[in-house]
Structures are given as C-alpha cells and as structure tokens.
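A short worksheet on the structure shown next.
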Amino acid sequence: MKTKLFRILTYVFCFCVTAAYAGEEAEIISGSDFPFYIKEAEAGDAEAMRRAAVCYQTGAGVEKDLRKAWEWYGKAAAEGNTEAQYDIGTLYRDAIGTAQNYREAAYWFRKAASNGHSKAMINIARQFAEGKGVLQDYRIAAENYWRAAERGEEEGAYQFAVMLRDGIGVKKDLTRALKYFRQAAKSDYKDSALQARRLESDGIRGNDRKH
C-alpha cells in the first residue's frame, strides 16, 4: 500500500515540463525521476513504462534514444496503457523513429479511442474525414468528433457542428449545430462564436443558452 501511494505521489509531483510528443500538448514528466520510472517499468508498471518511453523520446533525464522509446511504448501499450497506444499513433503519424504510416497510426488511434481516449477520437476522426490510412468515411468521422465533443474536446464540438450544419456524415441539423458551436465557443475555438451568431441570425434557436 505504501509503495503504491509513493508511486502515485511521485507521478503527481513532477517538476520538469517536457513535451511528450511532437505537435501535442505538453505533459508533466520529470527527467530527474527517470531512474524511478525505469525501475518501476522493469518491475511491470505500465504507466512507468510509458513515462520511461517519453523520457527516452525527449531526452529528459536520459540520453535520447528513439529505439528504446519505441520499445517501452510498445510494452506499455501491450499492457493496455491507453495513453501509450495513443502515443504510438502519434509516432506513426509524425514519422518519429519510424517511417510515416497513416494506416498504423489509424490502428493505434482507433485502439486508444475505443478505450475512451478523447484526443485519439479527434485524430481518428481527422483521418476518416481526410481518407488518410483508411477509406474516407464521413459517418465514422462524425461519430468520433461527437464522442470527443461529449468528453469536452472543443475541436470535436466544432467539427461535429460543421458536419451537422452542412449535413456531412450525419443528418443536417442546424439546432444541434448551434449547440455544438456554442460549446466550442466557450473555449474560443477558432470561429465557433461567429458560426453560432450566423446561425442565430438565420433564426436558429437552441435550448442551451443557460449552459
């Protein structure tokens, strides 16, 4: 019990901010804690495996080594670590330590999305919308944008609103489009507030103003 509590506290109290993967939000990974991460990873802790992988990828607390990063991401993903599954998708998408492979990226994004990872939902939605690594399918894209929106992702809300407005991959519904544009506008995402006002000026009224 004490070991588990110490592990949790160590993960929480990290002081070095390191980008976990190119083009995504930064997460708190402590390079000074790398010895702890690698020790716990070797003992079978899946989250420690992922954190060790991040350190190897970014050179936080250890010499940068993409081969070892891939090794530990793979082990963490095999243990069911959803974040590691998502990370592998980004590595394939961004050609980090490997050739760019949208098909493999889609596989890992779908796997992470099926486990509830909201950013993976965004990424797989983009790929289906653009036909990258998968057959273009606006219905699947819309479904994943919606799932992400329901988990608070402003990009998911905005893109789903666009699809509702234009009837792409989903039945046209301006009232629902307004709802999701308003949701995205709460985070000032792109021109969501403008899009909401345009629908309102066309006489569309929603029932979510109080929210």
Side-chain angles (χ1 to χ4, degrees), residues 11 14 16-31 33-34 37-38 41 45-137 140-160 187 189-190:
Y11 288 153
C14 298
C16 176
V17 177
T18 302
Y21 32 76
E24 303 292 342
E25 293 179 2
E27 69 171 312
I28 299 177
I29 293 292
S30 175
D33 284 335
F34 173 75
Y37 297 150
I38 198 66
D45 187 291
E47 176 58 16
M49 293 175 188
R50 188 188 74 83
R51 287 173 177 261
V54 172
C55 289
Y56 275 122
Q57 181 186 342
T58 61
V62 67
E63 184 176 353
K64 186 173 181 178
D65 189 326
L66 293 180
R67 184 187 62 79
K68 289 184 178 180
W70 269 93
E71 177 185 345
W72 285 111
Y73 277 132
K75 289 180 178 180
E79 290 293 322
N81 187 286
T82 301
E83 197 68 37
Q85 294 166 356
Y86 172 69
D87 290 340
I88 291 175
T90 68
L91 296 179
Y92 275 118
R93 182 197 65 195
D94 299 335
I96 298 175
T98 185
Q100 190 171 60
N101 190 324
Y102 285 112
R103 180 173 294 184
E104 284 294 326
Y107 170 82
W108 288 102
F109 285 142
R110 294 192 85 172
K111 195 172 186 67
S114 69
N115 290 325
H117 197 292
S118 60
K119 290 193 180 300
M121 294 170 193
I122 292 289
N123 278 277
I124 194 59
R126 287 181 195 148
Q127 288 195 224
F128 272 104
E130 298 171 9
K132 284 188 174 181
V134 294
L135 291 176
Q136 191 173 53
D137 191 321
I140 296 177
E143 178 184 350
N144 279 280
Y145 278 134
W146 170 74
R147 291 175 64 204
E150 292 301 297
R151 287 165 174 75
E153 292 289 339
E154 63 269 21
E155 181 178 349
Y158 180 87
Q159 297 296 350
F160 187 55
S187 300
Y189 186 81
K190 289 188 174 180

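Any value given below was found using the heavy atoms of this structure, including those in side chains, with hydrogens, waters and symmetry copies removed. Not measured: the values here are computed from a predicted model.
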Evaluate the criterion side-chain contact (heavy atoms from CB on, under 4.5 Å) for residue pair E63 and K68; output intermediate values, then yes/no. CA-CA 10 Å; E63 184 176 353; K68 289 184 178 180; over 6 Å; no
Rounded to the nearest 0.5 Å, the CG atom of L91 sits from the CD atom of E104 at a distance of 12.0 Å
Roughly how far, to the nearest 0.5 Å, is the OG1 atom of T82 from the CH2 atom of W108? 11.0 Å
Name the one of E155, E153, R151 that satisfies side chain to side chain donor-acceptor pair (under 3.5 Å) with S118? E153
I'd like to know if E47 and R51 make a salt bridge, using a cut-off of under 4.0 Å between side-chain N and carboxylate O. yes
Could you walk me through whether Y37 and R50 pass the side-chain contact (heavy atoms from CB on, under 4.5 Å) test, one step at a time? CA-CA 9 Å; Y37 297 150; R50 188 188 74 83; over 6 Å; no
Here the gap from N81 atom CG to D87 atom CG, rounded to the nearest 0.5 Å, amounts to 8.0 Å
Can you sort out the partners of A105 under side-chain contact (heavy atoms from CB on, under 4.5 Å), two or more places apart, ordered by chain and number? Y92, R93, F109, Q127
Taking all non-hydrogen atoms of both residues, which atom of G156 and which atom of A148 are closest, and how far apart? CA-CB, 4.3 Å
Shortest non-hydrogen separation from V134 to A106 and the atoms involved: CG1-CB, 3.6 Å
Where do C55 and I29 come nearest, in terms of heavy atoms and distance? SG-CG2, 3.6 Å
Any donor-acceptor pair under 3.5 Å linking the side chain of N115 with the backbone of K111? yes
Do NZ/NE/NH1/NH2 and the carboxylate oxygens of K75 and E79 come within less than 4.0 Å? no
Determine whether a donor-acceptor pair (N or O, by modelled atom type, separation under 3.5 Å) exists between the side chain of R147 and the backbone of A113. yes
Heavy-atom donor-acceptor pair, W70 side chain to I96 backbone, under 3.5 Å: yes
Nearest 0.5 angstrom please: Y73 OH to L66 CG, how far? 9.5 Å
Shortest non-hydrogen separation from A129 to A141 and the atoms involved: N-CB, 3.8 Å
Short side-chain to backbone donor-acceptor contact, Q136 and F128, under 3.5 Å: no
What are the two closest non-hydrogen atoms of A84 and A77, and how far apart are they? CB-N, 3.8 Å
Can you measure from CH2 (W72) to CD1 (I38) and round to the nearest 0.5 angstrom? 4.5 Å
Looking at every heavy atom in both A76 and A46, which two are closest together, and how far apart are they? CB-O, 3.5 Å
CD1 of I124 to OH of Y86, rounded to nearest 0.5 Å, is 11.5 Å
